[in-house]
Amino acid sequence: MELYTEWRLLGDEYAGSFANGSTLAGGESVQNMKVKSQDADCTVFEGANGHTVKSYHKQKGNVVECKSVFENTTDKPAELELLSSFAVKGIKADRIHRAASFWSAEGKLVSQDLTELDMERAWAKHGLRIEKFGQLGSMPVKKWFPFLVLEDSENGDFLGVQLYCGSSWQIEIFRKDDFVNIQGGIADRDFGQWTKTVTPAESFETPRAVIATGKSLAEVCDKLVKAQKPRIAKPDADMPVIFNEYCTTWGNPTLENIRKTAQKLQGTGVRYLVIDSGWYKTETCTDWFSGAGDWVPSAKLFPNGIKEVADVIRSYGLIPGLWYEFETCGAASALYKNTDVLLSRSGYPVTAGGRRFLDMRQPWVWNYLDEKVLSLLKNSGFGYIKIDYNETIGAGVDCAESFGEGLRQTVEGTQKYFAHLANEMPELVIENCSSGGHRLEPSFMELASMASFSDAHECNSIPLIAANLHRLIKPEQSQIWAVIRANADEHRINYLLAASCLGRLCLSGEIFDLTDGQWALVQNGIEFYGKIKHIIRDGFTSVIETDVKDYYRPQGYQIVMRELDNEALLIVHTFENGANPPVEKFIDGWSVSEKFGSDPDGDFRGCVYHLKK
């Protein structure tokens, strides 16, 4: 295995072996570059025309952190069409693992033999086989996660990589002989309409990536996930329980409702009460999405101002939270027509799903958000912000040398504003949300305390999605919703609460309409979560076993085991026709210290076993 950098300049000759049109890798600049210097952390390449490319590959704990820096050391501008974050040659592999993602079905594992992709070597080692995948736009986890694991099934070796890129990205797999090469980073000119002009004496640095090796898929994923270094706000350090009122009011929060909810939650172990969308509705705009962007608290919903409702929440011992989608504006907002501060493509405002997008590169936009977001949070006493994002910009925007570079700069501006909020309010808890899970990639996850795991708020697939995400983000950051309805029976309540033990417990629903018996079940779940959350935070997910294919109508069962020293969690869910899964084979060698939930002897049951040696 050899680490290097793929790069390409405008005007380069393309690679042969029928690669042109399928990849920009392997072209003239790479073919002609020479090693200028090398140490344990960095290889410096010199191009034939004098440019310098630094390929960083530094060992950090159990992973190698990679990035590339292009330096224009000539006297003429250079136009990049490709610059990889990572590139690896000479991998022995016959199987790949990826994580697919669509709305409310995030992270489904897709495992394929290279032969299934028609990527066995050609008879004469001539034709280049290529599998290229990625994502375009400002939702980096809309089709695939920026993640890949290669498996050598003969020797039991695994190599995995994860990209830290919040905008358009790509990963390529190449096969020409008995070995496999991979490279990835910013989506290039062919795939992502990206070019970057680097003037003399300037440089350009890629997003980073991390690479891990191991003897199993679980081991490699664990190393990749634990390499992520999130910004956890102080109030969130002990993984407290959240209540979000969205599935209670569906975008119609009121002072009366919030007061009633806070009173019910007082003393239960819940720390946050989050007011979701709709708090800014006007007399003329009564839906929660069209009026987003002006961010004026509704005088009808909160007659004495929104600070009053934050004070009410705090009076019951809870931290108040507030929902925003501050990068966009709805069609009924005043901001929607202020096109000077909105993103455009080819001169037209980028409009999608009834939304337009603020240009996060502009100082005016930051000043506007400081007034509408930062000042409101500070002055009203909010300690939690849920940052949602419900549309994608698409391939790119104006005001840069290429559409793709405009997009990259815009998303970079958003991420800088996340950091700005944290710097201005150090104890502010930030939740990363994008129609649920469309931003569950490491560069965004490192800016937040937690993230919405999905929009599958009341779906039977919740345990499946929550388990998938163990391979991709830290479970301590994965906020899993348990929406408790007044008509829910004991098994339904246990099913949801058991699923929440796969990450962070977030309650919603009609909690003030529950019977005493139903509420006792919820409180038992909160108490159990408090006993085992250290395993969620620090453990190793050794088993994710399921035979489920269809997430819309799941059939079968799922068993997840997360181990920590002499303790473990065994989290079992049954779906349709999934009763009595093989629990005993996983419990063997352990003693059951405590059990929460319903025995898995029927359909749609959830049970968590706290095991000890």
Tell me the closest heavy-atom pair linking Leu224 and Phe147, and the distance in Å. CD1-CE1, 4.1 Å

Whether Phe18 and His126 hold their rings parallel, tilted or perpendicular, with breakpoints at 30° and 60°: perpendicular

Apply the test salt bridge (charged side-chain N to carboxylate O under 4.0 Å, His left out) to residues Glu131 and Arg98: give CA-CA distance (whole Å), side-chain angles for both, the deciding distance (0.1 Å), then the verdict. CA-CA 12 Å; Glu131 174 69 9; Arg98 293 182 281 184; 3.1 Å; yes

Donor-acceptor contact present, side-chain Gln183 to main-chain Ala25, <3.5 Å: no

Quick check: does any side chain N or O of Ser454 sit under 3.5 Å from a backbone N or O of Ala456, one acting as donor and the other as acceptor? yes

Less than 3.5 Å apart, any donor N or O on the side chain of Asp455 or Ser435 sitting next to an acceptor on the other? no

Rounded to the nearest 0.5 Å, the OH atom of Tyr552 sits from the OG atom of Ser104 at a distance of 12.0 Å

Any salt bridge between Glu446 and Arg208, counting N to O under 4.0 Å? yes

Hey, is Asp398 close enough to Arg345 for a salt bridge, meaning N to O under 4.0 Å? no

Would Asp188 and Lys132 pass as an ion pair if we require N to O under 4.0 Å? yes

Strictly distance-based, threshold 3.5 Å: is any side-chain N or O of Gln477 a donor or acceptor partner for the main-chain N or O of Ala448? yes

Side-chain (Thr546) to main-chain (Val548) donor-acceptor, under 3.5 angstrom: yes

Option among Lys54, Gln38, Glu71 that satisfies the side chain to side chain contact (heavy atoms under 4.5 Å, CB included) test with Val44: Lys54

Are the side chain of Gln228 and the backbone N or O of Leu472 linked by a donor-acceptor pair below 3.5 Å? yes

Tell me whether Glu391 is salt-bridged to Arg355, with the criterion being a basic N under 4.0 Å from an acidic carboxylate O. no

Kindly assign one of parallel, tilted or perpendicular to the pair Phe444 and Phe418, based on the angle between their ring planes and the thresholds 30° and 60°. perpendicular

Count the heavy atoms belonging to other residues, nucleotides or ligands that lie under 6.0 Å from CD of Glu116, then report whether that count exceeds 12. yes

Treating Asn468 as the side-chain partner and Leu464 as the backbone partner, does any N or O pair qualify as donor plus acceptor under 3.5 Å? yes

Just by distance, do the side chain of Thr410 and the backbone of Asp359 share a donor-acceptor pair under 3.5 Å? no

Could you go through Lys143 and Ser101, starting from their C-alpha distance and side-chain angles, then the distance that decides it, and tell me whether this counts as side chain to side chain donor-acceptor pair (under 3.5 Å)? CA-CA 5 Å; Lys143 167 59 178 172; Ser101 184; over 6 Å; no

Parallel, tilted or perpendicular: which describes the rings of Trp364 and Tyr368, with under 30° parallel and over 60° perpendicular? parallel

So does Arg95 pair up with Asp113, basic N to acidic O under 4.0 Å? yes

Hey, what's the ring geometry for His51 with Trp7, parallel, tilted or perpendicular (30° and 60° as the breaks)? perpendicular

Tell me whether Lys196 is salt-bridged to Glu79, with the criterion being a basic N under 4.0 Å from an acidic carboxylate O. no

Classify the ring geometry between Trp481 and His457 as parallel (under 30°), tilted (30 to 60°) or perpendicular (over 60°). tilted

Residues two or more places apart in sequence or in another chain: which of them pass side-chain hydrogen bond (donor to acceptor under 3.5 Å, both in side chains) with Glu46? none

With the threshold set at 4.0 Å, does a side-chain nitrogen-carboxylate oxygen contact exist between Glu476 and Arg504? no

So that I can tick it off, tell me whether Asp157 and Lys92 are bridged by a salt bridge, with the cut-off set at under 4.0 angstrom between side-chain N and carboxylate O. no

Which residue in the set Ile393, Asn338, Leu343, Thr339 passes side chain to side chain contact (heavy atoms under 4.5 Å, CB included) when paired with Arg356? Thr339

Is the backbone of Pro140 close enough, under 3.5 Å, to the side chain of Trp169 for a donor and an acceptor to pair up by distance? yes

Can you name the closest pair of heavy atoms from Ala233 and Ser449 and give their distance? N-OG, 3.0 Å

At their closest point, which heavy atom of Asn72 faces which heavy atom of Val198, and how far apart are they? ND2-O, 2.7 Å

Checking Ser216 side chain against Glu219 main chain: does a donor-acceptor pair fall under 3.5 Å? yes

